[in-house]
Protein chains: 2
Amino acid sequence: MPCEGHYKDLLKGGNLKNTRQRASILKALENAGQPITAEDIYLLLKDDKVSISLSTVYRVLDTLVEKGLALKNTMTDNPKAFYELKNHEHRHHLLCVGCHKMLPVDGCPLKDYEKLLEEKFGFSVKGHKLEVFGYCEGCREKPHST
Amino acid sequence: MPCEGHYKDLLKGGNLKNTRQRASILKALENAGQPITAEDIYLLLKDDKVSISLSTVYRVLDTLVEKGLALKNTMTDNPKAFYELKNHEHRHHLLCVGCHKMLPVDGCPLKDYEKLLEEKFGFSVKGHKLEVFGYCEGCREKPHST
DNA sequence: ATTCATGCAAACGGTTTGCACGCAT
DNA sequence: ATGCGTGCAAACCGTTTGCATGAAT
């Protein structure tokens, strides 16, 4: 349960001025607890009576990613980028193509694979993106419900 | 070494008219042997004196994907979509962030993982996208060459 | 002859950018 | 006081679409 100053420190660590917009975006990302889009953030903050512009959201997110405080992701067949805080454990998400929910899964199946790539191909792995899609438990029983 | 009629059959199988543009796009995808963008195809065909428009390239690619003849992929930090023929073995690519080459890797580390997801979460996996990035053998020795 | 594919140009949508103003330091 | 951050509106760029023409069946 982080206090408000929490965001302040995060920002200071990146040599970033502690503005209301930036702190609000960090808070929104943290509250979400899963990847959300720039527009999501924009609307969340509007609801919260935080005055902000969409371009600022994009600029702040870019900065956070650049400073290593956040992660950016895109998924095929959705032009919008998703952002998440780089706080929590490394994890992936299952995308239900029925209800479009994202199911977080802790742990990562790729650790050994990356080691193998280093050894076999001399490829120095810096990161990866994994997108698994299919039907969640609820939707697999009624796959034509949409 | 497929003959020209090869493409014709592919198209017929999808109830698609056998046009010069479609056959050329299929050929370009096959020649490439790795994921390429719509613009890549457009330029390749222009060089080859095949008259075609960019929108046709997009429309044909969409159709091919829809018919299951091709795969579409997007990578974070590159807004362009990549397309490849769905001919060959399932495989992934290593993206070098130094020289931006794509290194194909046969095989897939996710088979067991997908089985696990089915069992543990009741999630019916339909497919996945994997993007591994880092430095290739050539670039890891001179990572600041760009 | 009919239906489907193509080319062109204009629209679209998410993201980026230039510039003037405002706020954190 | 200074420099970085923000808002606005316009630009950007990959992609999509409407419509009239053209080609495959």
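Note that the structure is a prediction, hence the values are computed from the model and not measured. In the text below, chain A, chain B and the rest are named by the order of the sequence lines, each starting its count at 1. Just so it is clear, the values below take in all heavy atoms, side chains as well, and ignore hydrogens, waters and symmetry mates.
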Q) In whole angstrom, what separates A:L16's CG from D:dG5's P? A) 6 Å

Q. Can you tell me how far C1' of D:dT15 sits from CG of B:D40, to the nearest Å?
A. 15 Å

Q: Would you mind telling me which of C:dG14, D:dT25, C:dT6 lies closest to the side-chain atoms of B:V60?
A: C:dT6

Q: Map B:K12 and B:A81 onto DNA chain D by nearest heavy atom, then report which one ends up closer to the 5' terminus.
A: B:A81

Q: Return the value, rounded to whole Å, for the distance between atom CZ of A:R59 and atom P of C:dG18.
A: 10 Å

Q.
We want to know whether B:T76 and A:K129 form a side-chain donor-acceptor pair, criterion being a heavy-atom distance below 3.5 angstrom.
A. yes

Q: Using salt bridge (charged side-chain N to carboxylate O under 4.0 Å, His left out) as the criterion, list what pairs up with B:E39, not counting sequence neighbours.
A: B:K80

Q. Could you state the CG-P distance from B:N78 to D:dG14, rounded to the nearest angstrom?
A. 9 Å

Q) Under 3.5 Å, is there a donor-acceptor pair between the side chain of A:E84 and the main chain of A:G33? A) no

(Q) Test your reading of the model: is there a side-chain donor-acceptor pair from B:K67 to the backbone of B:G14, 3.5 Å cut-off? (A) yes

Q. Can you find a donor-acceptor N/O pair under 3.5 angstrom joining the side chain of A:S55 to the base of D:dC8?
A. yes

Q: Could you tell me the separation between the NZ atom of A:K17 and the C1' atom of C:dC23, rounded to a whole number of Å?
A: 7 Å

Q: Considering just the side-chain nitrogens and oxygens of A:T56, establish if one lies under 4.0 Å of OP1 or OP2 belonging to D:dT6.
A: no

Q. Roughly, in whole Å, what's the span from NZ in A:K46 to C1' in D:dT6?
A. 14 Å

Q) So, B:H92 and A:H128: side-chain donor and acceptor under 3.5 Å apart, yes or no? A) no

Q. A:Q21 has an atom CD; how far is it from atom C1' of C:dC23, in whole Å?
A. 9 Å

Q) So what does A:T37 hit on the nucleic acid, given a heavy-atom distance under 4.0 Å: a base, only sugar-phosphate, or nothing? A) nothing

Q: Could you state the atom-to-atom distance from CD1 of B:I41 to P of C:dT6 in whole Å?
A: 13 Å

Q. Contact class for B:R22 vs. all strands (heavy atom < 4.0 Å): base, sugar-phosphate, or nothing?
A. sugar-phosphate

Q: Would you tell me if any nitrogen or oxygen in the side chain of A:T19 comes within less than 4.0 Å of OP1 or OP2 on D:dC4?
A: no

Q: For A:E39, report the nucleic acid contact type (base, sugar-phosphate, nothing); a contact means any heavy atom under 4.0 Å.
A: nothing

Q | N/O donor-acceptor pair, side chain A:R20 with base D:dG5, under 3.5 angstrom | A | no

